[in-house]
Amino acid sequence: MDEKNRGHHDLGGLPAGPVDRSEHAAAFWEKRIDAMLRLLIHKDRAVMRVDELRRGIESLGPEAYRSLGYYERWIASIAHILVEKGVLRRDEIEARVEDIRRRGRT
Amino acid sequence: MTAMFAVGDRVRVRRATPPGHVRTPWYVRGRTGVVERICGAFGNPEDLAYGRSGLPKRPLYRVRFSQRELWADYTGSPRDTVDVEIYEHWLEQ
Amino acid sequence: MAHQHSVGVDDEEPQGYYQLLATAVRELLIEKGVFTADDVRHAIEAIDAISPALGARVVARAWVDPAYKERLLGDGSAAVEELGIEMAGTNLVVVENTPEVHNLVVCTLCSCYPRALLGLPPAWYKSAAYRSRAVREPRAVLAEFGTGVEDGIEVRVHDSTADMRYLVLPMRPPGTEGMSEEELARLVSRDTMIGVARVAAPG
């Protein structure tokens with residue numbers, strides 16, 4: 001099998017350095033993303049599945065996968081999946097991001 | 001649910017590289033292990049990942065692999081193992 | 001893989017962008033009635049309410065009650081729910097450390113973890129180094145965590161690739177006879193239930 005076909009997220013057995021054991025408590029904005037995902041996949045709403053989240057993360061591409069933080073990958077995937085499903089539109093997300101930037105708060 | 005394999009069966013993971021979302025890790029593809037338990041039947045993540053129903057549910061197995069057999073350079077004990085959950089459609093006898 | 005855990009406002013792309021994106025998505029979903037601001041608040045509280053102390057309660061109960069331990073090993077989720085802990089559809093498999101077997105849990109493909117019992121996974125569990133090496137050289141990884149395992153003991157790694165979630169039931173250390181369940185639970189850390197550490201004897 002050609003190693004080129006291995007998914008870039010499929011890491012089992014690849015060489016790697018020491019494990020960085022430092023503890024990082026999740027920031028509030030990160031927990032909020034986690035909370036949103038749980039609400040979206042909850043059976044009461046069933047807007048998306050965790051499998052779609054994973055597929056969306058895998059679709060970000062190897063560079064994004066390596067350089068983005070864990071919850072950055074989550075929100076990038078969530079946004080992509082919601083646009084794919086027509087729950088949100090790309091232009092309204094972009095407009096709102098600009099709006100928030102102008103408002104000057106996160 | 002009718003499971004094709006039983007606990008104790010030697011099974012080989014298909015040596016396949018399908019496109020899309022798969023949950024069979026690269027390091028066990030084409031490798032042989034032993035069914036450790038039948039986990040039950042679950043929706044197919046390969047379909048769920050694209051908004052499809054994932055039905056019919058597929059039998060899921062835990063397959064135990066010998067580390068010495070998986071990795072040519074494994075330096076741990078010959079007893080060491082790794083258990084991986086694999087869907088029936090990825091297994092053959 | 002970089003550990004980008006940004007805290008607070010950050011003007012530099014791309015970290016700032018993703019925080020803005022999260023806010024934008026949240027506001028839009030609330031406006032469209034997908035969920036409410038209260039829903040989000042309650043979901044965050046629910047996340048904060050879960051810590052490894054829940055898993056530690058399960059371990060302590062299994063240590064003092066052999067019949068409970070058998071039920072736990074037979075059907076992890078059902079046994080955990082006996083203690084009033086909600087498993088929210090988690091398919092829990094509890095794997096027991098013994099004098100013959102030392103268990104270690106990983107998710108090589110992403111970061112699957114028994115969140116309902118242990119809370120959010122530590123950064124290292126989600127790291128490329130752990131996910132890559134835990135299945136290939138578990139003893140070296142264990143050694144980095146200060147845990148040596150003799151050659152005569154089987155190291156059994158569990159890769160959570162599908163619907164099951166794994167909790168290690170660590171061995172009860174010597175010198176704990178006569179301790180209460182609450183005292184025993186306090187000995188049990190998150191890392192002992194992932195399998196990178198053993199429960200230390202008290203004192």
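The sequence lines fix the lettering, A, B, ..., with proteins before strands; numbering per chain opens at 1. Below, all heavy atoms of this structure are taken into account, side chains as well, without hydrogens, waters or symmetry copies.
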With distance as the sole test, does [X] use its side chain to make a donor-acceptor pair with the main-chain N or O of [Y] at under 3.5 Å?
{"X": "R79(B)", "Y": "G152(C)", "answer": "yes"}
{"X": "R23(B)", "Y": "T161(C)", "answer": "yes"}
{"X": "Q67(B)", "Y": "V155(C)", "answer": "no"}

With chain C, which of V82(B), I86(B), V28(B) has the greatest number of heavy-atom pairs at distances under 4.5 Å?
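The answer is V82(B).
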Are L109(C) and W26(B) close enough, and set up right, to give a side-chain contact (heavy atoms from CB on, under 4.5 Å), and what steps lead you there?
CA-CA 10 Å; L109(C) 297 175; W26(B) 189 266; over 6 Å; no
Any donor-acceptor pair under 3.5 Å linking the side-chain atoms of D159(C) with those of Y27(B)?
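There is such a pair (donor and acceptor under 3.5 Å, judged by atom type) between the side chains of Y27(B) and D159(C).
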Any luck finding a side-chain donor-acceptor pair between S160(C) and E85(B) under 3.5 Å?
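Judged by distance alone, the side chains do not pair up.
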Sort V93(C) into side chain, backbone, both or neither according to what part of it lies under 4.5 angstrom from a heavy atom of chain B.
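Contact with chain B is through the side chain of V93(C) alone.
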At a heavy-atom separation under 4.5 Å, does F65(B) approach chain C through its side chain, its backbone, both, or neither?
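Contact with chain C is absent: no heavy atom of F65(B) under 4.5 Å.
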Most heavy-atom pairs under 4.5 angstrom with chain B, which of E154(C), R136(C), E137(C), H102(C)?
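Answer, by heavy-atom pair count under 4.5 Å with chain B: R136(C).
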Would you name the heavy atoms of N91(C) and F42(B) that are closest together and state the gap between them?
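Heavy atoms of N91(C) and F42(B) come nearest at ND2-CE2, 3.5 Å.
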Should we say atom CD of E31(C) is surrounded by more than 12 heavy atoms from elsewhere, each under 6.0 Å from it?
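Yes, enclosed.
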Could you tell me the separation between the CZ atom of R139(C) and the OG1 atom of T75(B), rounded to the nearest 0.5 Å?
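One gets 8.5 Å once the value is rounded to the nearest 0.5 Å.
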For D83(B) and V157(C), run side-chain contact (heavy atoms from CB on, under 4.5 Å): C-alpha distance rounded to whole Å, both residues' side-chain angles, the deciding distance at 0.1 Å, then the answer.
CA-CA 6 Å; D83(B) 286 2; V157(C) 183; over 6 Å; no
